[in-house]
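Model, not experiment: these values are computed from the prediction.
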Amino acid sequence: MNIKEFAKITGYSTATVSRAFGSKGSTISKKTKELLLKKAHELNYHPNYLAQKLKGKGTNQIGIFY
């Protein structure tokens with residue numbers, strides 16, 4: 001399940017869902033955040049860490065090829 005599917009199921013926008021899982025400067029209410037986190041737990045939804053990092057400035061990981 002991706003963020004768009006999760007947002008559709010919960011009835012919130014993808015931006016609101018993203019803010020609920022973000023840790024910096026969230027502009028959503030505590031009640032909404034708690035509700036979305038509870039629903040995520042029920043649906044076994046986890047944000048894709050790698051996708052979040054690739055959209056930003058990088059993953060802070062290196063690869064070694066042999």
Side-chain angles (χ1 to χ4, degrees):
M1 172 182 315
N2 62 33
I3 192 169
K4 289 180 182 180
E5 293 168 344
F6 182 74
K8 187 174 182 178
I9 290 169
T10 60
Y12 288 93
S13 69
T14 55
T16 301
V17 172
S18 178
R19 288 184 187 113
F21 289 99
S23 59
K24 295 190 227 174
S26 181
T27 58
I28 63 171
S29 71
K30 186 176 180 180
K31 181 180 175 182
T32 301
K33 183 173 183 168
E34 289 173 357
L35 184 126
L36 286 170
L37 293 176
K38 181 180 175 187
K39 190 67 170 174
H41 181 71
E42 290 172 7
L43 296 173
N44 199 28
Y45 170 76
H46 303 283
N48 186 326
Y49 172 77
L50 188 56
Q52 290 174 334
K53 293 301 176 184
L54 288 175
K55 187 170 182 170
K57 293 185 178 181
T59 63
N60 295 327
Q61 297 178 357
I62 61 169
I64 299 174
F65 296 96
Y66 178 74

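- Taken together through direct or relayed side-chain contacts under 4.5 Å among Ile, Leu, Val, Met, Phe, Trp and Tyr, Leu35 and Met1 form part of one hydrophobic cluster.
- Separating the OG1 atom in Thr14 from the CZ atom in Arg19 is a distance of 9.0 Å, to the nearest 0.5 Å.
- The aromatic rings of Phe21 and Tyr45 sit perpendicular to each other, their planes meeting at more than 60°, with 30° as the lower class boundary.
- Between the Glu5 side chain and the Asn2 main chain, a donor and an acceptor come within less than 3.5 Å of each other.
- The distance from atom OH of Tyr12 to atom CD1 of Ile28, rounded to the nearest 0.5 Å, is 8.5 Å.
- Smallest separation of non-hydrogen atoms from Leu36 and Phe6: O-CZ, 3.6 Å.
- Taking NZ of Lys8 as the start and OG1 of Thr10 as the end, the distance is 11.5 Å to the nearest 0.5 Å.
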